[in-house]
Amino acid sequence: MKTVAIINLKGGVAKTTTAVSLAELLAEGDKRRKRPGSRVLLFDNDKQGNASRIFGTYEREQEAGACRIIKTGRIAGNIRDTEVENMDIVTCNYFMELAELEIKADTVNTQHGRYKSALGEIDGKYDFCIIDNPPDLGMNVINAMVAADEIIIPVCLDAYSLDGLEELVEQINQIRALNPKTRLAGVLITDYEKSDTSEAAESWIRAKSGCPVFSQKIRHSKKAKDATFYRLTPLHYSIRSGAAQDYKAFAAEYVQKFGGPAAGERS
Ligand SMILES: Nc1ncnc2c1ncn2[C@@H]1O[C@H](COP(=O)(O)OP(=O)(O)OP(=O)(O)O)[C@@H](O)[C@H]1O
Ligand SMILES: [Mg+2]
């Protein structure tokens with residue numbers, strides 16, 4: 001199983017939109033490119049529970065799966081079905097805040113390797129685990145980074161995101177000490193609108209940031225935002241929208257570049 005964490009410390013840069021779209025596209029496969037569907041686990045690691053809500057699995061009253069996993073390091077009993085064929089989900093909700101406080105107080109067991117050992121239990125059951133993260137660097141995000149084979153960083157092209165990127169890459173490099181296997185698959189430019197400044201920002205990010213950047217960018221499209229009102233992914237809300245089409249092309253690029261097994265599984 002390949003674990004991919006979608007990360008950015010900045011809010012609202014399309015982390016969730018990217019995570020749910022990539023998960024769904026990997027699960028669906030691509031008939032035109034003759035790629036069969038993969039078995040996908042979508043792991044919602046954000047207490048806002050946006051990814052869980054999109055798939056109708058948000059739990060208001062009781063502790064969600066991700067909270068139990070970070071407390072116990074075990075995944076059994078914490079995976080739920082979705083209506084998408086080949087795709088299951090680990091849900092998250094506001095109980096994550098309490099769970100984080102609880103594990104911070106635990107000085108006996110390691111705090112950062114809990115997702116890694118939990119996901120180790122289901123290696124072989126899924127082809128991909130896609131982790132959607134909150135815009136911070138809490139212990140649950142560190143757990144996701146330690147468990148990840150690859151990291152994808154969605155960015156919107158504004159000065160704040162570009163500033164935050166340098167900081168994030170620094171953090172990823174520090175986490176590499178805990179998991180040297182983690183690699184930055186690439187930066188994904190999201191919510192893109194053509195203008196002189198966005199073109200300049202794109203040139204900078206591609207030439208000067210030092211990060212790999214996916215060729216495919218995701219266009220701004222009103223339908224992507226509208227989709228959230230119906231709790232749908234952009235693909236399900238309007239497959240014809242620019243964003244849905246771009247996510248399809250991005251998934252194809254991702255699979256072409258990184259679609260193979262995780263580093264540890266290569267023979
Ligand atoms: N390509 C796009 N075009 C237009 N709107 C978009 C696009 N991608 C995402 N959005 C919208 O931008 C908002 C933020 O997206 P999303 O929730 O995916 O970001 P996020 O990084 O997960 O946010 P948070 O940090 O709060 O978790 C949402 O309303 C979403 O529908
Ligand atoms: Mg989000």
Side-chain angles (χ1 to χ4, degrees), residues 4-25 42-55 57-58 64 66-67 89-94 96-97 100 129-138 140-145 148 151-158 160-165 167-168 171-172 186-195 198 201-202 205 213-251 253-254:
V4 187
I6 313 295
I7 292 186
N8 194 325
L9 305 189
K10 186 165 191 293
V13 295
K15 291 181 293 299
T16 302
T17 310
T18 299
V20 300
S21 301
L22 181 61
E24 199 170 46
L25 283 159
L42 174 63
F43 192 124
D44 187 356
N45 195 28
D46 182 354
K47 59 179 179 290
Q48 297 178 90
N50 291 339
S52 306
R53 288 173 213 267
I54 286 174
F55 295 100
T57 51
Y58 184 77
C67 319
I89 189 167
V90 168
T91 58
C92 198
N93 63 14
Y94 281 96
M96 181 56 87
E97 226 160 301
E100 276 202 272
C129 171
I130 308 293
I131 311 182
D132 179 33
N133 287 284
D136 60 47
L137 249 194
N140 61 331
V141 178
I142 293 178
N143 263 266
M145 280 164 121
I151 290 172
I152 293 175
I153 306 179
V155 298
C156 298
L157 292 177
D158 63 38
Y160 300 133
S161 299
L162 301 186
D163 290 346
L165 184 62
E167 220 176 297
L168 180 59
Q171 311 271 13
I172 291 172
V187 169
L188 174 66
I189 298 170
T190 59
D191 203 13
Y192 179 79
E193 286 183 285
K194 197 172 161 66
S195 71
S198 66
E202 182 179 350
I205 215 167
V213 182
F214 287 99
S215 315
Q216 183 64 46
K217 355 181 238 262
I218 312 298
R219 273 168 287 174
H220 172 81
S221 94
K222 189 177 165 299
K223 293 243 159 69
K225 196 167 289 273
D226 292 350
T228 59
F229 289 106
Y230 299 92
R231 303 245 183 268
L232 290 171
T233 63
L235 307 151
H236 266 137
Y237 183 64
S238 170
I239 188 65
R240 290 222 183 101
S241 68
Q245 289 301 313
D246 292 346
Y247 272 116
K248 252 188 132 163
F250 159 66
E253 181 183 351
Y254 170 76

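Ligands are counted one by one from 1 in listed order, and the atoms in each one are counted from 1 as well. Reckoned from all heavy atoms, side chains included, excluding hydrogens, waters and symmetry mates.
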| Should Glu100 and Lys47 be marked as a salt bridge (Lys or Arg N to Asp or Glu O under 4.0 Å) after you check the CA-CA gap, both sets of side-chain angles, and the distance that decides it? | CA-CA 11 Å; Glu100 276 202 272; Lys47 59 179 179 290; 5.5 Å; no
May I ask whether Thr228 has any heavy atom positioned less than 4.0 angstrom from an atom of ligand 1? yes
Ligand 1 to Pro135, heavy atom cutoff 4.0 Å, flagged ligand atoms 25 (O)
Looking only at side chains, do Thr16 and Asn50 share a donor and an acceptor under 3.5 Å apart? no
(request) Using distance alone, determine whether Gly12 and ligand 1 share an N or O pair under 3.5 Å. (result) yes
For Arg219, the atoms of ligand 1 under 4.0 Å from one of its heavy atoms are 1 (N), 2 (C), 3 (N)
Smallest heavy-atom separation, Asn93 atom then Cys67 atom, equals OD1-SG, 3.7 Å
Looking only at protein heavy atoms, what sits closest to atom 3 (N) of ligand 1 is Ser221 N, 2.8 Å
Next on the checklist: Would Asp132 count as being in polar contact with ligand 1, using the rule that some N or O on each side must be under 3.5 angstrom apart?
Outcome noted: no
For Ala224, the ligand 1 atoms with a heavy-atom partner under 4.0 Å come out as 2 (C), 3 (N), 4 (C), 5 (N), 6 (C), 7 (C), 31 (O)
Looking only at protein heavy atoms, what sits closest to atom 9 (C) of ligand 1 is Thr17 OG1, 3.5 Å
For Asp46, the atoms of ligand 1 under 4.0 Å from one of its heavy atoms are 27 (O)
Q: Just say parallel, tilted or perpendicular for the rings of Phe250 and Tyr254, cut-offs at 30° and 60°.
A: tilted
Crowding at NZ, Lys10 (>12 non-hydrogen neighbours, <6.0 Å): yes
>> Do Val20 and Phe55 make a side-chain contact, defined as non-hydrogen atoms from C-beta onward lying under 4.5 Å apart?
In response: yes
Separation between CG (Asp136) and CG (Leu9), nearest 0.5 Å, reads 8.0 Å
Tightest non-hydrogen contact, residues Glu253 and Gln216, listed as OE1-N, 2.9 Å
Closest to atom 17 (O) of ligand 1 among protein heavy atoms sits Thr16 CB, 4.1 Å
Near Gln48 (heavy-atom distance under 4.0 Å), the atoms of ligand 1 are 24 (P), 26 (O), 27 (O)
Closest heavy-atom approach to atom 20 (P) of ligand 1 among Lys15, Lys47, Lys10, Lys217 is made by Lys15
Near Gly11 (heavy-atom distance under 4.0 Å), the atoms of ligand 1 are 25 (O)
| request: Consider ligand 1: state whether an atom of it lies below 4.0 angstrom from any non-hydrogen atom of Asp191. | output: yes
* Under 6.0 Å from the NZ atom of Lys223, do we count more than 12 heavy atoms belonging to anything else shown? -> no
Here the pair of heavy atoms bringing Asp46 nearest to Pro135 is OD2-CD, 4.5 Å
His220 heavy atoms within 4.0 Å reach ligand 1 at atoms 1 (N), 3 (N), 4 (C)
Between Leu137 and Ile142 the two heavy atoms that sit nearest each other are O-CD1, 4.0 Å
query = Can Pro134 be said to touch ligand 1, with heavy atoms closer than 4.0 Å?
reply = no
Counting backbone and side-chain atoms alike, is an N, O or S atom of Thr16 positioned under 2.8 Å from the Mg ion (ligand 2)?
yes
Can you find an N or O of Asn133 that's nearer than 3.5 Å to an N or O of ligand 1?
-> no
When rounded to the nearest 0.5 Å, the distance separating CG of Asn133 from CD1 of Ile6 is 8.0 Å
Can an N or O of Val13 be found at a distance shorter than 3.5 Å from an N or O of ligand 1?
yes
The closest protein heavy-atom partner of atom 8 (N) of ligand 1 is Ala14 CB, 3.8 Å
Has the side chain of Ser52 got a donor or acceptor atom that lies under 3.5 Å from a matching backbone atom of Cys92?
yes
Filtering Lys225, Lys223, Glu193, Lys222 for the heavy atom nearest atom 12 (O) of ligand 1 leaves Lys225
